[in-house]
Structures are given as C-alpha cells and as structure tokens.
Amino acid sequence: MRFEIMRLDEVNGTTVDTTVVDAASVNRIVQQAAAVGQRLWIRPAETPAS
C-alpha cells in the first residue's frame, strides 16, 4: 500500500510539499518529522484504476 504524506506549514496549515511513499517508509518519515516538530497529514494514496 502507498501513502501520500503532506508536510504542513506551521502557521496556517497549508500543504508545503507532498510525497508518495510505500508503507515501509511511513514510520521513518513520521519519526523524522516528530524529531523536528513538523506537522504531517498522511492518507492512502490514490491508485489508478486497472
């Protein structure tokens, strides 16, 4: 499964950047964000129809 991770602006909560990663990478990214106090929004990535 893939997830879309959006880094949010600290002041107004708007999306600063977006990346799509596999499930194994989510924990590492969350740990890095927590270490520096970043706000993230994580949701399942849209998958194209087959």
Side-chain angles (χ1 to χ4, degrees):
M1 181 167 203
R2 297 182 60 79
F3 292 89
E4 181 178 19
I5 300 179
M6 291 158 274
R7 187 168 48 103
L8 304 177
D9 180 86
E10 293 302 317
V11 176
N12 60 18
T14 59
T15 302
V16 175
D17 66 23
T18 301
T19 188
V20 176
V21 299
D22 60 2
S25 299
V26 173
N27 186 50
R28 177 183 49 84
I29 292 169
V30 168
Q31 293 296 324
Q32 289 173 343
V36 295
Q38 282 184 332
R39 292 171 45 191
L40 301 177
W41 179 18
I42 303 170
R43 65 181 181 184
E46 303 256 339
T47 55
S50 298

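Residue numbers run from 1 in the order of the sequence given. All values reported here derive from a predicted model rather than from experimental measurement.
Between Glu10 and Arg39, the closest heavy-atom pair is OE2-N, 3.3 Å. Residue Met6 comes nearest to Arg43 through the heavy atom pair CE-NE, 3.6 Å, listed as atom of the first residue, atom of the second, then distance. Heavy atoms only, all atoms of each residue included: Ala45 and Val20 are closest at CB-CG1, 3.9 Å. Counting all heavy atoms, side chain and backbone alike, Pro44 lies closest to Met1 at CB-CE, 3.7 Å.
Annotation: side chain to side chain donor-acceptor pair (under 3.5 Å) contacts of Thr18 (sequence neighbours excluded): none. By the salt bridge (charged side-chain N to carboxylate O under 4.0 Å, His left out) test, Arg28 pairs with no residue at all, sequence neighbours left out.
For the atom pair CG (Leu40) and CD (Glu4), the distance works out to 12.0 Å, reported to the nearest 0.5 Å.
A side-chain contact (heavy atoms from CB on, under 4.5 Å) with Ile5 is found for one member of Val30, Asp17, Ile42 and no other, namely Ile42.
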side-chain contact (heavy atoms from CB on, under 4.5 Å) between Thr15 and Leu8, worked out: CA-CA 5 Å; Thr15 302; Leu8 304 177; 4.0 Å; yes

